[in-house]
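Heads up: the structure comes next, in structure tokens.
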Amino acid sequence: QKEVEQNSGPLSVPEGAIASLNCTYSDRGSQSFFWYRQYSGKSPELIMFIYSNGDKEDGRFTAQLNKASQYVSLLIRDSQPSDSATYLCAVNAEAAGNKLTFGGGTRVLVKP
Amino acid sequence: NAGVTQTPKFQVLKTGQSMTLQCAQDMNHNSMYWYRQDPGMGLRLIYYSASEGTTDKGEVPNGYNVSRLNKREFSLRLESAAPSQTSVYFCASRAGAGDGYTFGSGTRLTVV
């Protein structure tokens, strides 16, 4: 079992719809969780972080964390073609020496 | 602020040649990391430096060496390049445990 798992996609959503991305992790001691966006040929860019159970909203992005079920999700509201990218989930895992462990990423395609 | 600066951006090496990838950050971050990213393999940690004066192996250290020259700079050296080291290399840094990483723009390396 991978430590951080994501569906590779592609997740195809129409423009204006909500994109829902999920990520599960194995280390129950994980304390901080991050979502990165990576455009093709570019480096990962941090877009959201969440530390506590519940929802955290930032503009069109909402991160949701459920530590009991060991999953973190990212919602993108009013999806735009410019949101087409690969989204990486990263977890700060104590078992990994407090380094970030990355999932394989979910590719999102927003169609006009 | 420049953030994390990587040089060079592109490089072609012949098998057996050596080279050093440079990374510098101007954010006064304590920890620095070197990753490689290959299609279908995600981000894999090569080496990291939790603080100035320390370095540790990551998931895929074979064929690489690192030097944490000072708090700002963390270099990655390929002593004898092999085609299997063809990849995109990212340097990242963060202030402390629990924080997200800031990535450099990457080095696209091809070994022929």
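Below, read A as the first sequence line, B as the second, and so on, with proteins coming before strands; counting in each chain starts at 1.
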Could you check whether atom [atom1] of [X] has more than 12 heavy atoms from other residues, nucleotides or ligands sitting under 6.0 Å from it?
| X | atom1 | answer |
| --- | --- | --- |
| A:F49 | CZ | no |
| A:R107 | CZ | no |
| B:R108 | CZ | no |

| said: Give me the atom names and distance for the closest heavy-atom approach of A:L100 to B:G100. | reply: CD1-CA, 4.4 Å
| query | How far apart are the closest heavy atoms of B:G104 and A:S43, and which atoms are they? | reply |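 Heavy atoms only, the tightest pair is O-CB, 2.9 Å.
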| What part of A:Q38 gets closer than 4.5 Å to chain B, counting heavy atoms only: side chain, backbone, both or neither? |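 The side chain, not the backbone.
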| In terms of heavy-atom proximity below 4.5 Å to chain B, should A:Y36 be classed as side chain, backbone, both, or neither? | side chain
Determine, using the 4.5 Å side-chain heavy-atom cutoff (strictly less than), whether [X] and [Y] are members of one ILVMFWY cluster.
| X | Y | value |
| --- | --- | --- |
| A:Y25 | A:L88 | no |
| A:V4 | A:Y87 | yes |
| B:Y89 | B:V111 | yes |
| B:L76 | B:F90 | no |
| A:L65 | A:L75 | no |

Evaluate the side-chain proximity of [Y] to [X]: yes if any heavy-atom separation is below 4.5 Å, no if none is.
| X | Y | value |
| --- | --- | --- |
| A:K99 | B:D56 | no |
| B:T102 | A:L46 | no |
| B:D99 | A:S32 | no |

| field | Pair B:Y101 + A:F34: ring centers closer than 6.0 Å | value |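 No - the distance between ring centres of B:Y101 and A:F34 does not fall below the 6.0 Å cut-off.
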| Side chain / backbone / both / neither for B:R94 at chain A, heavy atoms under 4.5 Å |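 Just its side chain gets close to chain A.
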| task | Measure distances from B:E59 to the heavy atoms of chain A and classify the residue's part below 4.5 Å as side chain, backbone, both or neither. | result | neither
| request: Name the option with the most non-hydrogen atom pairs under 4.5 Å to chain A; the candidates are B:G98, B:G42, B:G106. | output: B:G98
